[in-house]
> 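Take a look at this one; I'll ask things after.
Just so it is clear, the values below take in all heavy atoms, side chains as well, and ignore hydrogens, waters and symmetry mates. Both ligands and their constituent atoms are indexed starting at 1 by order of listing.
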Amino acid sequence: MVFLKEKIRELVAKAATQKFPGELLDIKVEYPGDPSHGDYSSNVALDLGKKMKMNPRALAQELAQMIQKPEWIEKIETAGAGFLNFYLAPKFFEDFLDEVKKAGDDYGKSEVGKGKTVVTDTSHPNVAKPMGVHHLLSTIIGNAISRILAAVGYTVVRDNYLGDYGTQFGKLLYAYKTWGDEATVKKDPIPELLKLYVKFHEEVEKDEQLEDKGRAEFKKLEQGDAQNRKLWKWVVELSLQEFQKIWDRLDVSFDFIHGESFYEDKMQAIVDMGTSRGIFVKGEKGALIAPLKDPNIPPCIIQKSDGASLYATRDLARIQYWEETWHPVLMLNVVDMAQELYFRQLFEVTGMLKLTEARNLHIAFGRMRFPEKRMSTRKGDIILLEELLDEAQALALKIVEEKNPDLPAAAKKEVAKKVGVGSVKYAVLAQNRLTDVTFTWDKMLSLEGNSAPYLQYAYARAKSILRKGSEKRSGKMALLHEPAELALARLLPKFPEVVALSAAEFKPNLIANYLFELASRFSSFYAACDVLNAEPEVREARLKLVEAFTVVTKNGLKLLGIQVNEEM
Ligand code: ARG
């Protein structure tokens with residue numbers, strides 16, 4: 001897919017090189033903030049004017065003259081202090097709309113990542129505990145980013161770094177052996193295991209020696225004690241079954257679930273390597289630590305004084321394993337911003353050990369806020385995700401029943417599922433991921449605002465127009481000419497560019513915002529232009545436009561992990 005933005009950049013570059021041969025030019029093409037200033041714009045004359053001590057407006061005019069204007073550009077205007085504005089020609093859309101249709105599901109894809117691998121670390125809940133809100137966010141954001149990176153050509157390996165290891169399991173094992181029983185846990189695994197864990201912490205208050213007992217159980221687990229191994233495996237299995245239900249509902253999957261325990265036998269090699277190179281040293285209390293260059297970052301602890309491994313030790317082994325297994329160019333950890341400092345430490349140590357040449361990135365995100373009472377649970381942070389999805393789906397069903405009472409019941413349910421889950425995902429993805437996500441039902445399910453249902457509705461409406469128009473196709477189309485038609489059409493070629501930008505910056509919200517703008521323009525178009533009763537050639541043009549809109553909306557939502565409904 002050739003980006004128009006790139007083509008225009010080349011046209012400008014050619015003219016600028018002609019004017020200033022031998023100059024090193026850094027030419028940028030952007031989207032004007034105000035659509036009446038054209039579809040693309042360049043500030044090259046401002047930049048160069050300054051550098052060459054020339055009047056930027058005069059230079060802009062000169063460059064505009066020099067640029068060899070292809071047919072698909074209607075006009076090039078100079079504006080403001082020296083901007084060059086480009087307007088796409090209505091003629092351009094004749095072929096373009098057909099191309100979009102032909103590309104279908106592939107429209108929006110590109111190839112910067114071709115031949116390169118990215119590994120993503122997403123979701124990663126901790127076993128024996130309910131999936132937390134930050135895990136839900138990681139799942140949703142990580143899924144979107146993985147899809148977006150695949151769309152720009154990367155081979156994406158999704159490896160779920162399940163939290164299935166660590167000293168806390170010693171505590172759980174002790175608690176289970178002391179107060180637990182199989183039947184109760186089996187009936188309602190995660191809440192019951194959580195209860196045991198909480199009980200342990202209550203009892204520690206009374207009896208400090210429990211800490212040591214918990215540690216001893218973990219040690220036994222690490223040393224391969226048969227009973228502890230068996231129990232722990234059982235807990236992991238029960239937890240995975242529960243998590244799987246949520247992953248299924250969210251329509252996400254993983255290529256691998258290499259949890260922390262997978263690295264159990266791969267850590268010693270790292271410890272030895274770091275020690276022999278003098279990167280890991282004995283700290284005050286006999287622990288093994290990696291002091292870091294930056295005095296503002298505390299040393300990274302690699303091994304406890306009793307020899308137990310730590311979170312960081314396992315992560316280092318994971319990075320080494322990823323490197324050896326996939327040789328990726330990028331490793332992404334989609335994790336709560338609360339772990340920011342930790343990842344700085346981890347990546348520093350990774351660099352010191354020279355574990356990989358890949359870019360290691362912490363893709364951080366903010367908190368999710370629930371101003372409405374019924375969304376938060378007793379414990380505040382741990383929200384019952386199933387309930388959140390249930391409620392979203394129930395509310396979505398109400399809306400569908402109101403809007404389309406004639407739809408068969410099964411279809412209504414299916415629509416409600418896609419709308420409910422979609423609205424949760426969209427609420428997360430439409431915002432800058434570093435700001436806190438505020439969750440309110442009204443906004444999330446609004447049919448007028450920036451929400452999944454709004455986009456899904458626009459899509460279903462467009463599909464219904466296409467169904468009605470399918471028998472009235474004339475083949476030959478008139479040129480688009482109405483402002484509302486052109487406003488919608490002009491946004492369509494930007495889609496692959498927006499996808500590429502969102503991949504480069506790991507920002508799904510760029511796609512969400514684009515889709516919202518597109519759907520708004522579709523609504524204005526639909527209000528202003530009659531599609532089905534227009535003259536045959538005008539109708540054909542409008543039907544093609546509607547069709548291209550459906551392709552882009554569907555593909556865009558799919559990148560966000562959101563499904564569309566053909567009817568709503
Ligand atoms: N399971 C961890 C937690 O819930 C998150 C893991 C994040 N990924 C990583 N590579 N450390 O806090």
> Taking distance alone, with N or O pairs closer than 3.5 Å, would you say His134 contacts ligand 1?
no
> Gln393 versus Val421: any side-chain heavy-atom pair under 4.5 Å?
yes
> Counting heavy atoms only, which of Asn126, Asp159, Asn160 is nearest atom 1 (N) of ligand 1?
Asn126
> Do Met267 and Leu316 make a side-chain contact, defined as non-hydrogen atoms from C-beta onward lying under 4.5 Å apart?
no
> List the closest protein heavy-atom neighbour of atom 6 (C) of ligand 1: residue, atom name, distance to the nearest 0.1 Å.
Tyr311 OH, 3.2 Å
> Any ion pair linking Asp306 and Lys285 (charged N to carboxylate O, less than 4.0 Å)?
no
> For ligand 1, which atoms sit closer than 4.0 Å to a heavy atom of Phe343?
9 (C), 11 (N)
> By number and element, which atoms of ligand 1 are closer than 4.0 Å to a non-hydrogen atom of Arg318?
10 (N)
> So which protein heavy atom does atom 9 (C) of ligand 1 come closest to, and at what separation?
Asp121 OD2, 3.3 Å
> Are the side chain of His327 and the backbone of Glu323 linked by a donor-acceptor contact shorter than 3.5 Å?
yes
> So which bit of Tyr165 gets within less than 4.0 Å of ligand 1, heavy atoms only: side chain, backbone, both or neither?
neither
> Closest heavy-atom contact between Ala503 and Leu149?
O-CD2, 3.8 Å
> Among all protein non-hydrogen atoms, which one is nearest to atom 12 (O) of ligand 1, and what is the separation to 0.1 Å?
Gln339 NE2, 3.0 Å
> Find all atoms of ligand 1 within a distance of less than 4.0 Å from any non-hydrogen atom belonging to Asn333, and give their numbers and elements.
10 (N)
> Measure from the ring center of Phe200 to the ring center of Tyr176 and say whether it is less than 6.0 Å.
no
> Can any side-chain N or O of Lys114 pair as donor or acceptor with the backbone N or O of Val152 at less than 3.5 Å?
no
> Yes or no: does His135 have any heavy atom under 4.0 Å from an atom of ligand 1?
yes
